[in-house]
Amino acid sequence: MKAFQKDSWRGIWHSMGRFVAIFAIVALGVGFFAGLKATSPDMQNTADEYYDRDRLLDVRVISTLGLTDEDIAYLSSIEGVGQVCGQRSLDVLVAGDSGNRAIRLHNLPEEGELNQVTLLEGRLPEAPGEIAVEGGMLDNSAYSVGSVITLSESNEEDSLDSLKTHTFTVTGVVSTPRYISFQRGNTTIGDGSISLYAYVPGSTFDMDYYTEAAIAVTGAREAASYSDEYDEMVQAVVDRLE
């Protein structure tokens, strides 16, 4: 055994350059592998904290006929439903130098409600005629704080009648976990895709119904968002809702 060890050390000593090169390659490979293995859990944990901080919904209920306060109360009574918030949204066309583009307007949630937003610049809108646009991945230079957004006359009359004002001044830039990919969703107006989302005060909408219900599942916040436990917990409530 001693002879073997001496021979091994002698071989390393006489080919030190090769030994260092092989050691460096192995160390580099181990480092890359460890980094890749850690990346996915780190990204999932970061996303989970982001969702929890801004109270992202677990389930979204929509209806082409709209939802009433009675519907919201009924949804609240279903087993496993922890919180229900009636919310409003509307897809509209806005006029621009390069033609009309579709944007999705959401009502700004009240404190304690689901789907909160993070203010990145300026201030949140407070009255009809004020609006906060998204910031981050899209080029929103045309919609900086202080700029004016005007709805296009190409909008359907029903859409225009659903809003108390058709001209908005940008007061802030926001982000929300509702939109974490480059896609903003599809729509039946314009070219079929949403260019960006924006938030207006709830008083801006002239509707007597909600377009959707945001639901938080009891206990879901304590579970990791991408875990099997979370999926099973939410799916059980979805089955009851259906």
* Asked: Hey, what else clusters with L93 if you join Ile, Leu, Val, Met, Phe, Trp, Tyr whenever side-chain heavy atoms sit under 4.5 Å?
  -> I189
* Evaluate the side-chain contact (heavy atoms from CB on, under 4.5 Å) criterion for residues F205 and L163: first the C-alpha distance (whole Å), next the side-chain angles of each, then the deciding distance (0.1 Å), finally the verdict. => CA-CA 5 Å; F205 289 93; L163 298 169; 3.9 Å; yes
* State, yes or no, whether a side-chain contact exists between L108 and P125 at a heavy-atom distance under 4.5 Å. => yes
* To do: Would you check if L196 and R101 make a side-chain contact, meaning some heavy-atom pair closer than 4.5 Å?
  => yes
Ignoring hydrogens and angles, write down the donor-acceptor pairs under 3.5 Å from the side chains of residues 233-242, residues two or more places apart or on other chains.
{"unit_1": "Q235", "atom_1": "NE2", "unit_2": "D239", "atom_2": "OD1", "d": "2.8"}
{"unit_1": "R240", "atom_1": "NH1", "unit_2": "E79", "atom_2": "O", "d": "3.0"}

* Asked: Apart from I25 itself, what residues make up its hydrophobic cluster, given side-chain heavy atom links below 4.5 Å?
  -> none
* S89 and Q87, any side-chain heavy atoms less than 4.5 Å apart -> no
* Among side-chain atoms of T68 and E70, is any donor-acceptor pair under 3.5 angstrom? -> yes
* Asked: With sequence neighbours excluded, what pairs up with D71 under the salt bridge (Lys or Arg N to Asp or Glu O under 4.0 Å) test?
  -> none
* For V30, which fellow cluster members are found when Ile, Leu, Val, Met, Phe, Trp and Tyr are connected by side-chain heavy-atom distances below 4.5 angstrom, either directly or through intermediates? -> I22, V26
* For the side chain of D48 and the backbone of S225, is there at least one donor-acceptor N/O pair under 3.5 Å apart? -> yes
* Asked: Could you give all pairs that pass the salt bridge (charged side-chain N to carboxylate O under 4.0 Å, His left out) test and reach residues 108-120, with sequence neighbours left out?
  -> none
* Asked: How would you list all residue pairs meeting salt bridge (charged side-chain N to carboxylate O under 4.0 Å, His left out) that involve residues 206-225, not counting sequence neighbours?
  -> R60-E212, R178-E212
* Would you confirm whether T176, through its side chain, and V117, through its main-chain N or O, come within 3.5 Å as a donor-acceptor pair? => no
* Within a strict 4.5 Å, meaning less than it, do heavy atoms of the I103 and V92 side chains meet? -> yes
* Asked: Are Y143 and V94 close enough that some pair of their side-chain heavy atoms sits under 4.5 Å apart?
  -> yes
* Asked: Excluding sequence neighbours, so at least two apart, what forms side-chain hydrogen bond (donor to acceptor under 3.5 Å, both in side chains) with T165?
  -> none
* To do: Could I get the full list of side-chain hydrogen bond (donor to acceptor under 3.5 Å, both in side chains) partners for Q116, not counting sequence neighbours?
  => none
* Structure fact -> The reported gap from CG in L114 to CD in Q83 (rounded to nearest 0.5 angstrom) is 4.0 Å
* To do: Not counting sequence neighbours, which residues clear side-chain hydrogen bond (donor to acceptor under 3.5 Å, both in side chains) with S152? List them please.
  => N100, S154
* Give, for atom OG of S144 and atom CD of E121, the distance between the pair rounded to the nearest 0.5 Å. => 7.5 Å
* Give the cluster check for L56 versus Y230: same hydrophobic cluster or not, with ILVMFWY residues linked at side-chain heavy-atom distances below 4.5 Å. => no
* Inter-residue atom distance T188.OG1 - D91.CG, 0.5 Å rounding -> 6.5 Å
* Single-linkage hydrophobic cluster L57~I62, side-chain heavy atoms < 4.5 angstrom -> no
* Asked: Are the side chains of S175 and Y50 in touch, meaning some heavy atoms are under 4.5 Å apart?
  -> yes
* Residue pairs fulfilling ring-ring contact (aromatic ring centres under 6.0 Å, His included) with at least one residue in residues 103-124, sequence neighbours excluded -> H106-Y179, H106-Y199
* To do: Side-chain contact test, heavy atoms from C-beta onward, threshold under 4.5 Å: evaluate it for Y51 versus I180 and give yes or no.
  => yes
* To do: Output the distance between atom OG (S63) and atom OH (Y210), rounded to the nearest 0.5 Å.
  => 14.0 Å
* In Å, rounded to the nearest 0.5 Å, how long is the span from CG of L90 to CG of N155? -> 8.0 Å
* Taking only residues two or more places apart in sequence or in another chain, which ones pass side-chain hydrogen bond (donor to acceptor under 3.5 Å, both in side chains) with R53? -> T118
* With the 4.5 Å side-chain cut-off for hydrophobic clustering, are V84 and I78 part of the same group? -> yes
* Asked: Knowing that exactly one of I215, V217, V81 qualifies, which makes a side chain to side chain contact (heavy atoms under 4.5 Å, CB included) with D58?
  -> V217
* To do: Decide side-chain contact (heavy atoms from CB on, under 4.5 Å) for T204 and N107; before the verdict, give the C-alpha distance in whole Å, the side-chain angles of both, and the deciding distance to 0.1 Å.
  => CA-CA 8 Å; T204 303; N107 71 279; over 6 Å; no
* Structure fact -> d(E130 CD, T171 OG1) to nearest 0.5 Å is 5.0 Å
